[in-house]
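Accompanying notes for the structure given below.
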Amino acid sequence: MTAPVEAALADTSAEQREFDRMIEKDLRIEPRDWMPDDYRKTLIRQISQHAHSEIIGMQPEGNWITRAPSLKRKAILMAKVQDEAGHGLYLYSAAQTLGIDRETMFEQLITGAAKYSSIFNYTSPTWADMGSIGWLVDGAAICNQVPLCRASYGPYGRAMTRICKEESFHQRQGFEILLELMRGTEAQRQMAQESVNRWYAPALMMFGPPDEDSPNSQRSMAWKIKRFSNDDLRQRFVDMLVPQAEVLGITLPDPDLKWNEERGHYDFGPLNWDEFYEVLAGRGQANAVRVARRRKAHEDGAWVREAARAYADREVAERMAS
Amino acid sequence: MTSPGDSGGRETWPLWEVFIRSSRGLSHVHAGSLHAPDETMAVRNARDLYTRRAEGVSIWVVRASHITSSDPDAKGEFFESPQGKEYRHATYYTESEAVPHL
């Protein structure tokens with residue numbers, strides 16, 4: 001049983017002290033710096049899951065590109081899906097600086113070894129869902145991501161800064177889709193309301209389990225990867241949503257939602273965490289479809305990647321020969 | 001010592017570091033990295049990935065494996081020479097304070 005001794009030694013090592021000092025001073029940790037193994041592992045898991053979420057997140061919206069109601073909406077949706085591909089790539093790059101290679105991350109995604117945000121395992125059956133995804137899902141994502149721009153790991157923070165700059169258009173275009181529907185016919189208003197009814201609670205659960213059920217959160221906060229707790233971020237999100245819903249004329253589907261003068265926040269009802277864990281365990285509406293489609297795209301693209309590589313190798317060989 | 005994301009053999013395509021000049025008169029600044037089979041595709045991918053909103057007027061790409069960096073373990077000693085040489089900064093010279101145009 002040498003582990004505790006080793007841990008105690010590691011705690012007091014010069015490297016550990018330097019790491020602690022940098023975290024304490026709010027300095028950034030950069031790729032080649034010494035860092036505790038658990039810090040590295042936590043980051044690899046979090047950043048790669050985040051990247052996978054962006055990549056899988058293209059699917060619910062890609063589903064609507066061909067059926068978007070106007071050329072303008074198609075163009076907007078394509079730009080948004082292209083951004084998500086880009087965000088996935090920024091994040092894969094950041095994860096790679098921690099010593100994991102991209103092929104491994106791709107494999108983890110298509111074999112189901114890695115998780116991604118459960119929200120993308122819900123289906124998007126109506127056009128209004130493009131509005132709800134932008135307003136609620138991207139809204140929750142922004143709320144979560146803005147503090148990550150200050151994450152203690154430099155490459156992660158830099159990727160998040162770039163992502164946040166691009167993400168705000170996503171939320172606004174979603175809000176506008178819903179606003180337009182709410183200004184339309186009774187059937188359109190119903191479609192918008194019905195869609196928000198489906199997406200509201202899952203969006204709130206995007207912040208993760210309540211603080212008392214989220215043991216790793218504390219450690220991530222001590223490492224300054226995470227700056228606010230799940231419940232704090234969720235509260236912030238609800239407080240922002242209520243006035244926005246009023247502008248839309250949409251009802252948020254929670255009978256317990258009401259202003260609490262004393263707290264200066266909105267109170268809201270309990271969420272169905274059993275559903276959250278069910279989806280997380282792979283039993284959501286679309287888990288199998290999402291991963292199968294990703295796998296097919298990856299495998300169908302293999303010959304293109306290999307051909308491009310072979311062409312590049314031949315070009316180099318010919319240049320060397322001449 | 002190559003750039004940090006370069007993980008070598010397992011990748012189908014090599015890693016490239018991307019530098020963007022955001023407007024005329026400014027230097028190229030590191031924007032991030034990407035994978036591409038060759039330099040032509042690397043520049044195109046960089047355009048699609050890092051300039052979707054007109055963030056650049058010029059792109060450089062460098063194969064990550066071609067980058068040489070200082071030894072990260074020796075950063076203290078390696079960069080210590082300016083320490084104690086405050087006389088290299090204008091702020092060291094205080095006698096001339098309040099003298100115009102100095």
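Chain naming here is simple, since letters A, B, ... match the order of the sequence lines and numbering starts at 1 in each.
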Please check if the number of heavy atoms outside [X] that lie under 6.0 Å from its [atom1] is greater than 12.
X: Arg21(A); atom1: CZ; value: yes
X: Asp300(A); atom1: CG; value: yes
X: Arg67(A); atom1: CZ; value: yes
X: Arg52(B); atom1: CZ; value: yes
X: Glu318(A); atom1: CD; value: yes
X: Glu299(A); atom1: CD; value: yes

### Message
Taking the side chain as everything from C-beta on, heavy atoms only, tell me whether Leu49(B) gets closer than 4.5 Å to Gln82(A).
### Response
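A side-chain contact under 4.5 Å is absent here.
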### Query
Less than 4.5 Å apart, any side-chain heavy atom of Glu55(B) and any of Lys165(A)?
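No, too far: nothing below the 4.5 Å cut-off.
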### Message
If I take atom OH from residue Tyr311(A) and atom CE from residue Met41(B), how far apart are they, to the nearest 0.5 angstrom?
### Response
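Atom-to-atom, Tyr311(A):OH and Met41(B):CE are 11.0 Å apart.
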### Message
Is Ala31(B) close to chain A through its backbone or its side chain, or both, or neither, when contacts mean heavy atoms under 4.5 Å?
### Response
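For Ala31(B), heavy atoms of backbone and side chain both lie under 4.5 Å from chain A.
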Under 4.5 Å from any heavy atom of chain B, what part of [X] do you find: side chain, backbone, both or neither?
X: Asp83(A); result: both
X: Phe106(A); result: neither
X: Arg158(A); result: neither
X: Glu166(A); result: both

### Query
Is the side chain of Ser33(B) donor-acceptor paired with the backbone N or O of Ser93(A) at a distance under 3.5 Å, no angle test?
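No, the answer is negative, given that no donor and acceptor are paired below the 3.5 Å cut-off.
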### Query
Does one side chain, of Glu306(A) or Thr12(B), offer a donor that lies under 3.5 Å from an acceptor on the other?
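Distance-only check fails for Glu306(A) and Thr12(B).
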### Query
So, Glu39(B) and Arg319(A), do they make that salt bridge, N to O below 4.0 Å?
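Salt bridge present between Glu39(B) and Arg319(A).
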### Message
With a 4.0 Å cut-off on N to O distance, would you call Asp38(B) and Arg314(A) a salt bridge?
### Response
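A salt bridge is absent here (no side-chain N lies under 4.0 Å from a carboxylate O).
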### Query
Do you know which of Gly86(A), Ala159(A), Ala79(A) has the most heavy-atom pairs with chain B at a distance under 4.5 angstrom?
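Option with the top pair count is Gly86(A).
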### Task
Any chance you could lay out the side-chain contact (heavy atoms from CB on, under 4.5 Å) test for Ser69(B) and Arg32(A), step after step, and finish with the verdict?
CA-CA 11 Å; Ser69(B) 73; Arg32(A) 292 266 159 71; 3.9 Å; yes
### Task
Evaluate the side-chain contact (heavy atoms from CB on, under 4.5 Å) criterion for residues His35(B) and Tyr92(A): first the C-alpha distance (whole Å), next the side-chain angles of each, then the deciding distance (0.1 Å), finally the verdict.
CA-CA 11 Å; His35(B) 287 86; Tyr92(A) 281 133; over 6 Å; no
### Chi angles and distances behind the side-chain contact (heavy atoms from CB on, under 4.5 Å) call for Arg102(A), Trp13(B)
CA-CA 10 Å; Arg102(A) 200 163 302 198; Trp13(B) 291 349; over 6 Å; no
### Task
Of all the heavy-atom pairs spanning Ala312(A) and Pro37(B), show the shortest one and how long it is.
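Closest approach of Ala312(A) to Pro37(B), heavy atoms only: CB-O, 3.2 Å.
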